[in-house]
Peer 1: 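Here it is, the structure in full.
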Amino acid sequence: MHEKLKGKVKLGSTTNSTAGFIKTKSFGRVSMVAAVNVSRFEGVTMAPPDPILGVSEAFKADTDEKKLNLGVGAYEPKSYSLMCLMLLRRLAENLMLERGENKEYLPIEGLAAFNKVTAELLFGADNSVLKEQRVATVQGLSGTGSLRLAAALIERYFPGAKVLISSPTWEFPWSEYRYYDPKTVGLDFEGMIADIKAPGGSFILLHGCAHNPTGIDPTPEQWEKIADVIQEKNHIPFFDVAYQGFASGSLDNDASSVRLFATRGMELLVAQSYSKKPWSLCRKDWSNECCLVKSQLKRLARPMYSNPPVHGARIVANVVGNPALFDEWKAEMEMMAGRIKNVRQKLFDSLSAKDKSGKDWSFILRQIGMFSFTGLNKAQSDNMTNKWHVYMTKDGRISLAGLSLAKCEYLADAIIDSYHNVS
Amino acid sequence: MAMRSLISERVSCRSSVLGARWMSSWWRNVEPAAKDPILGVTEAFLADPSPDKVNVGVGAYRDDNGKPVVLECVREAERRIAGTANMEYLPMGGSVKMVEETLKLAYGDNSEFIKDKRIAAVQSLSGTGACRLFADFQNRFHPDSQIYIPVPTWSNHHNIWRDAHVTQRTFHYYHPGTKGLDFAALMDDIKNAPNGSFFLLHACAHNPTGVDPSEEQWKEISYQIKAKGHFPFFDMAYQGFASGDPERDAKAIRIFLKDGHLLGLAQSYAKNMGLYGQRVGCLSVLCEDEKQAVAVKSQLQQLARPMYSNPPVHGALIVSTILGDAELKKLWLKEVQGMADRIIGMRTALRENLEKLGSPLSWKHITNQIGMFCYSGLTPEQVDRLTDEYHIYMTRNGRISMAGVTTGNVGYLANAIHEVTKSA
């Protein structure tokens, strides 16, 4: 439609959508009141709803009182844990109000205090990579923004490089290395190793802990083997760490995969998030190369958003940088992780008690973090929503953060029905 | 592009000789990026130990003591918000309330376009994010189009459309001789651009020149753009800051709306609400009807998702709290007027000081121009002298951020400018 209109204009005097203007070299001013411009974006079609964020919108529209939102990975609104996090935030915000901090632009790379505590959180404050200044840290727009910056850096400096992503992974419909084994509802480790042995010099996207959407993490031994292969093939590992602290409840444990790679002296990229949290790049040697890379990251960020938002960064810096608040936050995370483990147990118990088919539901206990890959297919997931008002993503992922103990039995009924009665 | 092919060349040369050894360092070929011309100025200023130093570089408002300001209405809004609202993800399109209020500011409280739901609008990462989102949208749906950008403009505009892979052209805007608008050349450029081009316009308080078209000139520009079927995209970063009155500063947009343009608009609260670091803004596209607006909005959200998923909540809350409360809004309007008045006062003071010093040059443009910036006409060499000899920091295009001028430093500034220009 646009192609037809471009350069061709016809006089029209109605508000009909084909109205346009006379194409002319020059003439005196003419009243333009009657004619309506044709939109340049007339051909724009409706985008499909986002597979994850669209779920919340559908949930909001549902009026059934039994409805459950197990879609997006965020805490259930009335949960105790969320209230505690809010308290923590209030303390941090009060600190900020007291200090009367201003709202000036941050530098492009973000709040220095935030970057410092974030890198320390990930690598451990005593890590040699930090002491030797081999880490370039740039505050990003949560995990998404950090990934996007990294992707832009890779595209600019390594055009044609492959990025290998687990199958499945967060929001990517295509995949490059095997990960999830539907038969065991666990890790296809052999497949993964075979696939990452592929073309040398690629970027391998790894989830630091609590894999999204499956909840399936490699064991420490498996991580060692993965690191071996990546080193051998001279790939660069690219960690997405969105759940540090949420997986096991321990910030240090959850960072062990990243620290393993850093200890081996490998170069890596890391995107971190405090949603449930900027990102770091670790260089093997030459701290000034950190500065070079950082300068290029800034150059990519400037035409995207100029500089990152200050408020959240200050909250983080205040919480993580204040020993009392930090301890409280750590305690919170242990509690949240503990709550999720309890929910997993309750769900497993309900499923095992109610399902007479003898199916093994123990994968729910083996998975870790906010999400569980139920093994339900699209039709079964649709049944969950349409019949039971349980909102989840079509790949069979449920968010346990949105599930209370009281609802576990209802959920178990829904899962059993969907699994056995729908194909 | 040149960088990329250079690196690829080096890659293919080296890898055959060194193989795995080259690949062991991934970032060796990364060159240092050029310093951002604007933000680099502040870095240099901060590093300067001189007690006389003056920062008239970056465009962030300062009070008469040279201190950053957090508006009273903002502090009050934050007190009301602190610890109350949760931090759940906003929808991809951002805060609905904030967007509603923001559209009213630009399109008018009683705008028929708002009533008819013809505006596709999403919360954006301040003005930068709004421009970038539009540039990406333009690239996706009009990949063969080009954007006409005024000369000069905020340097990041070029970066934005370049990174969005949209072909750029320029159009005449500033006339160095008059230090005003090069209206004839501007009109010619509009006429000569291929029909259906995209034009980037500064709605008010042009950055960096401070030169705005008059109302009459805007009407002519609107007419000619319509005649050519061009798409007008407005960047409005200073509504309220130019004259002190947001309604008045939206004049150009209202003219275009009246003339029936289906425009695009980037709005920012960085300056007029002092929310710089919060990154709060809005991108809107006026469509033919509600159905189209819904479709366009869905596509804008799809572009935002892989950039940042959804926008930051805190700043949006501040905006909607203020604009949604009659008292707070009144306070805000008063504070915006105050900021604009102080700047206008400093323009007058700077010009008078220079004239009193007996400068041979004309400095009328200082008070003719409007908004945060004054395009002084200083050459890069003169700017360098100001920095090296007088510790005065500004961008090398001679742009003075009037927000950095105070009653305390205006005399010093005038004297320094006089010294470096008196023999010009």
Side-chain angles (χ1 to χ4, degrees), chain A residues 2 6-7 9 17 21 23-24 29 32 35-37 39-42 44-47 50 53 72 74 77 82 86 89-90 93-94 97 102-106 108 141-142 144-145 148 156-157 159 201 234 236 267 283-284 289 292-293 295-296 298-299 302-307 309-312, chain B residues 4 7-8 20 23-24 26-27 30-33 36 39 60 68 70 78 82-83 86-89 92 125-126 128-129 132 141-142 156 159-160 163 195-196 223 226-227 229 231 259-262 274-279 285 287-288 292 294-296 298-299 302 305-309 312 314:
Chain A
H2 154 70
K6 201 171 167 181
V9 282
S17 63
F21 285 91
K23 180 180 176 179
T24 183
R29 296 201 48 176
M32 295 182 292
V36 172
N37 211 0
S39 168
R40 300 300 306 284
F41 297 107
E42 209 183 66
V44 171
T45 54
M46 187 75 185
D50 184 274
L53 301 178
V72 76
L82 195 62
M86 281 170 64
R89 178 174 57 101
R90 196 204 302 247
E93 283 182 334
N94 285 343
L97 275 175
N102 65 44
K103 298 186 176 316
E104 294 301 292
Y105 290 127
L106 285 177
I108 303 178
L141 297 162
S142 205
T144 305
R148 175 54 175 264
R156 189 164 283 188
Y157 283 94
N234 206 35
I236 188 162
E267 291 175 303
R283 244 304 266 139
K284 182 161 65 169
E289 283 197 32
L292 300 183
V293 175
S295 75
Q296 290 296 349
K298 284 159 66 170
R299 194 163 157 244
R302 174 61 157 157
M304 265 197 233
Y305 50 85
S306 283
N307 37 67
V310 63
H311 191 76
Chain B
R4 185 182 279 196
I7 288 177
S8 318
M23 291 298 257
S24 67
W26 282 81
W27 313 109
V30 174
E31 311 265 325
D36 183 279
L39 303 177
V70 177
E78 286 203 303
N86 65 46
M87 297 238 129
E88 292 300 293
Y89 291 127
M92 275 185 286
L125 296 163
S126 209
T128 305
R132 176 55 177 267
F141 290 96
H142 290 284
N156 207 25
N159 298 336
I160 289 169
D163 275 17
N195 290 354
Y223 168 79
K226 201 97 195 281
F231 184 96
D259 286 348
H261 290 274
L262 294 171
L275 295 179
Y276 307 92
Q278 305 284 357
R279 320 310 296 132
V285 179
C287 302
E288 284 179 323
Q292 193 181 88
V294 169
V296 168
S298 75
Q299 295 291 351
Q302 259 224 334
R305 174 60 157 155
M307 264 202 245
Y308 49 85
S309 284
H314 188 76

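In the text below, chain A, chain B and the rest are named by the order of the sequence lines, each starting its count at 1.
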Peer 1: Taking side chain as C-beta onward, heavy atoms only, is A:Leu106 less than 4.5 Å from B:Arg279?
Peer 2: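 A:Leu106 vs B:Arg279: side chains apart.
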Peer 1: Given a strict heavy-atom distance threshold of 4.5 Å, which part of B:Gln278 is in contact with chain A: side chain, backbone, both, or neither?
Peer 2: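 It is both, since atoms from each part get that close.
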Peer 1: What residues, two or more places apart in sequence or in another chain, satisfy salt bridge (Lys or Arg N to Asp or Glu O under 4.0 Å) together with A:Arg148?
Peer 2: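 A:Arg148 satisfies salt bridge (Lys or Arg N to Asp or Glu O under 4.0 Å) with no other residue.
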Peer 1: Side chain, backbone, both or neither: which part of B:Pro312 has a non-hydrogen atom closer than 4.5 Å to chain A?
Peer 2: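 B:Pro312 touches chain A through side-chain heavy atoms alone.
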Peer 1: Applying ring pair (Phe, Tyr, Trp, His ring centres under 6.0 Å), name anything that partners B:Tyr308, two or more places apart in sequence or on another chain.
Peer 2: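 In terms of ring pair (Phe, Tyr, Trp, His ring centres under 6.0 Å), with neighbours along the sequence ignored, B:Tyr308 is linked to no residue.
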Peer 1: Under a 4.5 Å heavy-atom cut-off, does chain A meet the side chain of B:Val70, its backbone, both or neither?
Peer 2: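 Side chain of B:Val70 only, per the 4.5 Å heavy-atom cut-off to chain A.
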Peer 1: In Å and rounded to the nearest 0.5 Å, what is the NZ to CD distance from A:Lys103 to B:Glu78?
Peer 2: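 Interatomic distance, A:Lys103 NZ to B:Glu78 CD, rounded to 0.5 Å: 3.5 Å.
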Peer 1: I need the A:Ser306 OG to B:Ile160 CD1 distance, nearest 0.5 Å.
Peer 2: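 Answer rounded to 0.5 Å: 6.5 Å.
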Peer 1: If we only count heavy atoms from C-beta on, is the B:Pro306 to A:Thr144 side-chain gap below 4.5 Å?
Peer 2: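 With C-beta onward as the side chain, the pair stays apart.
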Peer 1: Roughly how far, to the nearest 0.5 Å, is the CG atom of B:Asp163 from the CE atom of A:Met304?
Peer 2: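 Between A:Met304 CE and B:Asp163 CG, I get 7.0 Å after rounding to 0.5 Å.
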Peer 1: Taking the six-membered ring for Trp, are A:Tyr105 and B:Tyr276 parallel (under 30°), tilted (30 to 60°) or perpendicular (over 60°)?
Peer 2: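 A:Tyr105 vs B:Tyr276 ring planes: perpendicular.
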Peer 1: Can you name the closest pair of heavy atoms from A:Arg302 and B:Thr128 and give their distance?
Peer 2: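 In this case the closest contact between A:Arg302 and B:Thr128 is O-CG2, 3.4 Å.
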